[in-house]
Structure formats: C-alpha cells, structure tokens
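Contents: one structure, followed by commentary.
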Amino acid sequence: MTIRNELKDTTDLANLEYSVEEMRQMGDEVLARALEHIATLASQPACGDLDVDDYCRTLREVAPENGTALEPLLDGLFDEWIPKSFTTAGPGYLAYIPGGGLYPAALADLIQNTTNRFTGIWRGAPALVQLEVNALDWIRDWMTFPESTRGLFTTGGSMATFNAILCARERHLGAEIRPGTIYTSAQAHHSVAKSAKLAGVMPDRVRQIEVDGQYRMRLDALQAAIDIDRRAGLKPFMVVSSAGTTNTGAVDPFDAIADVCADAGLWHHADGAYGGFFYMCPELRPLMQGMHRADSLTLDPHKGLFLPYGTGALLVRDGTVLHEAHAATGEYMPAMPDDCYDPSQHGPDLSRGFPGLRIWLTVKLYGAAKLRAAVAEKRQLAVAAADAIAQVPGVVIDAPPQLSLFAFHIEWAGSTTEEQNAATTELMNRVTARGKVMLTGCTTGGRVIARVCVLSFRTRQANIDACVRHVTEEAAKILAAQQAEARS
Ligand SMILES: *Cc1c(COP(=O)(O)O)cnc(C)c1O
C-alpha cells in the first residue's frame with residue numbers, strides 16, 4: 001500500500017507534522033519491512049554484494065525540492081541498498097568483530113527519537129538521566145569496578161578510548177602535554193593511536209610494545225620502553241592494554257600491567273571494546289584476571305552486548321577525573337545538585353539523545369542472566385569451532401580462542417609463507433562466497449591469518465557447524481589443487 005504523503009502538496013508549506021494516522025501507517029510500513037528483514041537474515045548472503053562502486057555513483061542526487069511517498073524509499077533501502085553491505089546483523093557474520101543488533105534497542109530508539117528529550121543535563125530530564133545512570137551502574141557492577149566509578153555512554157569504543165586518554169592526560173600532564181608518552185601493544189586496535197592524536201598526543205609519543213607468542217603485550221618490553229622515555233626526559237603517563245585484540249583476540253596480562261602502572265604512577269586503560277563483556281560471566285573472569293584494576297575501561301555494547309551500532313561506554317574508576325575533564329559552565333546553564341549526574345559534565349556532548357535507554361530497556365526486558373548466557377555461549381561456540389577446525393588437514397592454529405576469536409592459516413609440505421598467505425586468503429574468500437558465513441583475516445608478522453570471531457547473538461550451533469563444514473571442504477579443495485600442481 002502506498003502511503004499518501006499529505007505534506008508534499010499541502011498549501012501549509014511550513015507544517016511538518018504528520019497526522020497520527022499517517023504516522024501509524026508509516027510506522028507499520030517500516031516495521032513490516034524491518035521484521036521481514038530480521039526474519040530472513042539467515043537466508044541472506046553473509047556478505048552482501050559490495051562490488052558496487054559504479055552503481056553507487058549513479059545514486060548521487062541533489063536534495064529533492066518536493067517530498068515523495070515512503071514506499072519507494074523503503075523499496076530502495078530494503079531491496080537495493082541494505083543488501084549491498086556486510087550482513088552484520090546476520091547469524092553468519094563471523095568477520096571483524098560482530099554485534100547483531102538486539103530488537104529492544106530499536107524500540108528504545110523509536111521512543112527516544114519520538115519523545116526527543118534533552119538528556120545533556122540532569123535538570124532537563126532527571127528521571128531519564130537516572131535510568132541512564134542506572135544502566136551505567138549495572139555495567140560498573142558487572143565489571144566489578146568500585147562505587148567511585150563514573151561512566152559515559154559514547155557512540156562507540158573509539159570515542160570511549162578518546163575520553164579515557166583525555167582523562168589520563170588531564171590527571172597526569174595538565175597543560176604540558178607534549179612530553180607525555182602512551183604505551184600500547186603492537187597488536188592494539190588502531191583507534192588507540194587515533195584517539196591519542198585526537199586527545200593531543202601525537203603519533204611520535206605513542207609506543208607500540210612488542211607482543212609474546214600469544215600476541216600479548218610483553219612486560220619486559222613495556223618496562224624497557226618506559227625507562228628509555230624517562231631517561232630521554234619524556235613523561236610516560238599511560239598504558240592502554242587490550243581485553244581481546246581485533247587481530248587474534250589476545251588478552252593482555254592486566255594484573256602485571258596494573259602493577260607496572262601502580263609502580264610507575266601511570267594511568268592504566270583497558271580496551272574492552274571487543275572482549276569486555278565476557279567479564280560479565282563470573283566463570284570467564286579468570287580469562288581476564290585483573291581487568292577490574294584498570295583506571296578506565298572501554299566497552300562496546302554494540303559488540304559484546306549485541307546492541308545495534310552507536311553505543312559505546314566508558315568507565316572511569318575515579319569518577320571525579322571524568323567530571324573534571326569535561327566540566328564547563330555557561331550563563332544559561334541551570335545549577336544542579338552535587339550528587340546528580342549531568343551527562344554533559346562527564347562527556348563532550350551537550351545536546352544528545354538518550355543513549356542509555358537502549359541498554360536500560362534491553363537489560364530490563366531480558367534480564368542480566370539471559371544476556372550472560374548468550375555471551376557465554378558465544379565463547380563455547382568459538383572454542384568448539386576452533387577444536388574442529390584444528391583437525392582440518394592443512395590447518396595450523398595461530399591463535400586459539402582466549403575469548404571467542406581464533407585465527408589460523410593453511411600450509412602443506414614444502415609451501416612458502418607467500419603460498420600459504422595466498423591459500424589462506426583464497427580459503428576465506430571461498431568460504432565467504434558460499435554465503436553462509438563471512439570470514440575476514442589480518443596480516444601479522446608477514447603472515448595472513450584467517451579469523452573466526454563469534455559475537456553475534458544470532459550465531460548459534462548450526463551456523464558454527466556450517467562454518468566448520470565449509471572451511472573443511474574448501475581447505476580440502478585448495479590442498480588437492482596444490483597437490484595436483486606439484487605432480488604436474
Ligand atoms: C571495535 C574495536 C574498537 C573500536 O570501537 P568502535 O566502536 O568501532 O569505535 C577498539 N578496540 C577494539 C579491540 C575493537 O574491537
């Protein structure tokens with residue numbers, strides 16, 4: 001059914017309000033498409049058609065002077081443009097770091113966008129801000145951070161890390177930021193160096209510390225780098241560790257890093273954008289021993305808590321530092337009670353939506369136990385997949401799952417690294433081309449490794465079975481072709 005668009009031909013040009021009936025019809029239309037999309041996710045190719053650069057150029061257009069009906073726009077979105085993307089919401093998305101997009105968060109977005117309340121300041125919406133504080137406190141408790149902690153919802157992990165670096169800089173460097181140096185592992189996410197630059201710490205002040213055989217930051221190398229910088233008159237002020245790297249899922253030795261930081265008076269930030277939420281499950285905490293000792297922690301609810309993109313979170317152990325880093329006043333700003341939380345006094349944004357509602361509504365609807373069960377299942381699936389893939393002839397596991405990500409390559413007698421790299425790339429491409437699961441790799445130390453990361457709530461046993469089967473079959477074909485070539 002085409003929805004009549006009353007707005008476009010009305011003589012009251014300045015009226016932008018739809019009638020209730022129109023809004024209901026439009027909402028129904030959108031919901032029908034969205035639900036159809038979700039219901040068919042498993043049969044959509046795990047990686048859409050992305051070879052569409054020429055096609056995209058044909059989409060360029062100037063802003064329309066007059067409005068159109070909704071339906072053709074939804075046709076374009078759901079039939080044409082959304083399918084030309086990684087199917088990040090689908091169960092076969094084992095590439096990069098998956099997320100999924102829980103439905104309650106979509107409902108929360110509808111509520112926040114239709115009510116459009118101002119949550120930048122406590123006074124603007126005290127009860128709503130309190131719900132957001134509750135959600136941050138829940139996360140604080142799951143991560144076993146102390147009561148002194150203050151948090152902030154951000155748009156993602158990168159912005160959480162940016163704010164953490166800002167806090168560390170304010171606490172340890174004050175106005176003299178140029179001598180300050182940051183330490184992170186050579187496997188750390190690129191957002192660390194990028195966030196450092198945004199926070200005024202230039203690339204020549206960011207040290208990438210060597211890793212051990214399990215891709216974890218080496219303590220001796222960290223200590224040595226700190227000493228060298230101190231002797232050179234620089235001011236080491238921060239270590240950024242990883243709670244699961246994007247390349248291989250490596251978890252840095254938090255306890256030891258926390259000790260180094262305590263001794264040397266450095267700020268310890270943990271990047272838990274991928275792995276942080278595994279800490280929710282008490283039985284998995286030993287895998288991340290000491291993470292709770294960090295001065296600050298990046299989390300990405302849009303990864304490990306399965307929310308749709310656009311939700312990151314930061315915890316800062318000494319909440320006053322987060323407040324001091326962002327405190328600002330204006331003559332038009334209302335005063336607020338000392339014991340209340342003003343989001344705009346704890347983060348860069350003033351006008352903002354109600355990001356906490358996504359988490360609040362999701363946790364209220366499911367309950368924490370169900371979310372923990374889903375998180376724990378993702379690790380079990382990854383462990384089982386790694387065990388099975390390790391048995392595939394030719395496969396060598398480069399990184400077993402520390403959390404829910406593992407990495408491997410293929411090789412055969414007499415093969416060079418170059419040949420192995422080409423074969424591993426081909427293996428990922430062939431598996432992905434079969435449409436059931438999408439894999440991506442990375443290059444580390446000159447070696448291409450294929451990765452499997454299980455973190456979508458929609459990924460269940462059947463998807464893992466398909467992954468194992470397709471890797472097994474495609475690896476066998478690649479090795480058979482190598483053998484045939486060797487014989488000829
Ligand atoms: C995804 C990721 C980031 C960046 O987070 P965004 O939400 O994409 O900004 C940082 N670190 C790690 C380990 C990640 O996986």
Side-chain angles (χ1 to χ4, degrees), residues 1-9 16 18 21-110 112-114 155-156 302-303 306-311 353 358 428-440 453 455-459 462-463 466-467 470:
M1 181 195 60
T2 304
I3 289 154
R4 229 159 19 98
N5 189 329
E6 299 277 343
L7 295 184
K8 84 176 173 214
D9 48 23
L16 301 182
Y18 287 101
E21 192 41 44
E22 282 174 312
M23 287 190 276
R24 194 186 320 279
Q25 278 184 28
M26 294 162 87
D28 287 350
E29 189 89 357
V30 170
L31 189 62
R33 299 288 189 122
L35 296 183
E36 169 76 8
H37 180 79
I38 291 173
T40 58
L41 271 172
S43 58
Q44 296 171 27
C47 178
D49 178 12
L50 289 142
D51 196 11
V52 290
D53 293 358
D54 287 335
Y55 170 81
C56 291
R57 287 183 196 102
T58 69
L59 295 180
R60 292 174 185 161
E61 61 174 351
V62 295
E65 196 53 20
N66 299 302
T68 51
L70 178 61
E71 192 171 71
L73 305 180
L74 296 179
D75 287 344
L77 280 165
F78 282 91
D79 300 340
E80 290 291 325
W81 307 320
I82 291 171
K84 293 178 177 55
S85 56
F86 302 153
T87 311
T88 41
Y93 190 70
L94 308 177
Y96 304 104
I97 306 291
L102 289 173
Y103 186 62
L107 300 178
D109 282 3
L110 184 65
Q112 66 153 313
N113 293 338
T114 48
T155 45
H302 65 205
K303 292 175 179 167
F306 319 122
L307 261 63
Y309 293 122
T311 305
R358 284 178 162 200
M428 287 186 283
N429 291 343
R430 282 170 172 243
V431 168
T432 299
R434 289 178 67 161
K436 285 298 171 196
V437 298
M438 176 177 170
L439 305 185
T440 54
C453 183
L455 202 62
S456 170
F457 69 96
R458 293 199 170 100
T459 303
N463 311 104
C467 174
H470 293 184

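As the structure is a prediction and not an experimental result, all values here were calculated from the model. Positions are given from 1, in the same order as the sequence printed here.
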Who are the side chain to side chain contact (heavy atoms under 4.5 Å, CB included) partners of S456, not counting sequence neighbours?
P98, R458, T459
Set of salt bridge (charged side-chain N to carboxylate O under 4.0 Å, His left out) partners for R434, sequence neighbours left out:
E473, E474
Set of side-chain hydrogen bond (donor to acceptor under 3.5 Å, both in side chains) partners for S43, sequence neighbours left out:
none
If you round to the nearest 0.5 Å, how far is NZ of K436 from CG of L94?
12.5 Å
Side chains of N463 and Y93: does their closest heavy-atom pair fall under 4.5 Å?
no
Looking only at atom types and distance, does a side-chain atom of H302 sit under 3.5 Å from a main-chain N or O of T311, one as donor and one as acceptor?
yes
From Y103 OH over to I38 CD1, what is the distance, rounded to the nearest 0.5 angstrom?
6.5 Å
Set of side-chain hydrogen bond (donor to acceptor under 3.5 Å, both in side chains) partners for D75, sequence neighbours left out
R33
Mind checking whether V431 and M428 have side chains closer than 4.5 Å, heavy atoms only?
no
Calculate, to the nearest 0.5 Å, the distance between atoms CG and CZ belonging to L455 and F306 respectively.
6.0 Å
If we only count heavy atoms from C-beta on, is the Q25 to E29 side-chain gap below 4.5 Å?
no
Tell me which pairs pass side chain to side chain donor-acceptor pair (under 3.5 Å) where either residue lies in residues 47-56, with sequence neighbours left out.
D54-R57, Y55-E80, Y55-W81
Can you measure from CG (L74) to NE2 (H37) and round to the nearest 0.5 angstrom?
13.0 Å
Between the side chains of T40 and Q44, is a donor N or O closer than 3.5 angstrom to an acceptor N or O?
yes
Listed by chain and number, what are the side-chain hydrogen bond (donor to acceptor under 3.5 Å, both in side chains) partners of T88, not counting sequence neighbours?
none
